[in-house]
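In what follows, a structure is listed as structure tokens, so that the remarks can point back to it.
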Amino acid sequence: MRKVLLLGASGSIGSQTLDILLSDKAHFDLVGFSLGKRIERVPDILSSFPSVKDVCVQREEDYLSLKAKYPHLNWYFGDEGLKGIIDASDADMVVNALVGFSGMVPSVESLRHNKVLCLANKESLVVGGALIRSLLKEGKGKLYPIDSEHVAIAKLLSRVNRDEVDKILITASGGSFRDKSREELKEVTPAMALAHPTWSMGAKITIDSATMMNKGFEVLEAKWLFDFPLERTEILMHRESHVHSVLLMKDGTYLADVSVPDMHGPIAYALYETSVDFNLYPAKKLEDLGPYHFGKFDSERYPAPGLAMKAFNMGGNATAVLNAANEEAVYSFLDGKIPFLAIEDVVRKALDDIIITPSPNLDDLIMTDKQTREYVRRYVEERRSA
Ligand code: NDP
Ligand code: MG
């Protein structure tokens, strides 16, 4: 029996995680959860999971009203609350389905408490990969990724001799604007960007998919997870999102992980700690799938992964700048404050103007995040009034 604390229960990954927990109560006990502002989800989750003892919400006013309504539970709020719920919880597994930098401290805190961390929040690894790796090395915590490409790579790597792997090919759908030229991107709106062709996900990752910053993040995520050389990790365009990633072996053969796009699979792989010995959904016949398309990644059409690589190579806190600038730029685009193509400009500018802190600790990363956001907000306002 695993006692589970689910962070980000109201989101896309969070809701799908609840589906799996509900389907196997013999194996999982949900002892706590967090959500942001969608507190209308609280009554349903509590009635489905009477085992819950601890709940964290984002806003103090929600905390006060919910605490009055459910006084038998322990309530928390805000970023401090996320830290507090992890510190207090008797969960042995934390599922981090928060979006953005808000997930960073919870990842670190979970590993400091030697929890099994099922990590959807890839931003934690983008920003704090070095810190997370050292916590895994020094402590007793474990980490299982929840990202379809990384689950595919983990599965494939577990079946081969790593010395025989030539390349890791991370597949990319190309996002909502994959059939548009850069010229056409000048006019696109948030509503157009939010319509992803193959996946249904939260707003931020849907925009990251359209810019392909998501793929840049995933290359860094793979580096921290698998410690495979970056120069042999490539992006492969694949429209259908059925081939979740590929290994090119030194003997010239390709090994691929193929299934219909459904995040329940990767989430289950993490929750069951890689031993999913049952059929979550019936496999479709191969002859009913396809045809599949593969294409070359075009770094001029999609500059964002190049910016992610640049930040990684700069080292220190540069990926914290990358992440914070991207997050602020994405929300500015969603709020109608900047055009779509300005997302990349904002990130590029922030990386150009950064002051590097080598070997940052958690406080340095938090400070970099805060300063970069302030910098980007000023830049966005200046752009608007120019
Ligand atoms: P959603 O936006 O759907 O969900 C995010 C969750 O985090 C919600 O519960 C939200 O609360 C909560 N949240 C957001 N900001 C805060 C905050 N400041 N404080 C506390 N809680 C907060 O995102 P997704 O589920 O799509 O993505 C989650 C993570 O998983 C991301 O890192 C993403 O990159 C990754 N991922 C997602 C995939 C997908 O298919 N969706 C696939 C692979 C990875 P509320 O909504 O109540 O305000
Ligand atoms: Mg992915």
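Just follow the structure's listing: the first ligand is 1, and inside any ligand the first atom is 1.
In this structure, the side chains of E221 and E149 stay at 4.5 Å or more apart for every pair of heavy atoms.
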Stepwise side-chain contact (heavy atoms from CB on, under 4.5 Å) test for L136 and L111: CA-CA 7 Å; L136 284 167; L111 292 176; 3.8 Å; yes
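Between the side chains of E240 and H293, at least one donor N or O sits under 3.5 Å from an acceptor N or O.
Aromatic pair F28/Y272: ring centres closer than 6.0 Å.
Near ligand 1, heavy-atom contacts under 4.0 Å come from G8, A9, S10, G11, S12, I13, G36, K37, R38, Q58, A97, L98, V99, S102, A120, N121, K122, E123, I146, D147, M201, G202, I205, M263.
For M249, the CE atom sits in a packed shell: over 12 heavy atoms of surrounding residues, nucleotides or ligands are nearer than 6.0 Å.
Nearby protein atoms of type N, O or S around the Mg ion (ligand 2) amount to 3 (distance under 2.8 Å).
The OG1 atom of T211 sits 9.5 Å away from the OH atom of Y302 when rounded to the nearest 0.5 Å.
Residues satisfying the salt bridge (charged side-chain N to carboxylate O under 4.0 Å, His left out) criterion with D227, sequence neighbours excluded, are R133, K223. R301 pairs by the side-chain hydrogen bond (donor to acceptor under 3.5 Å, both in side chains) definition with nothing, not counting sequence neighbours.
The residue from L18, V55, L6 that alone fulfils the side chain to side chain contact (heavy atoms under 4.5 Å, CB included) condition with I45 is L18.
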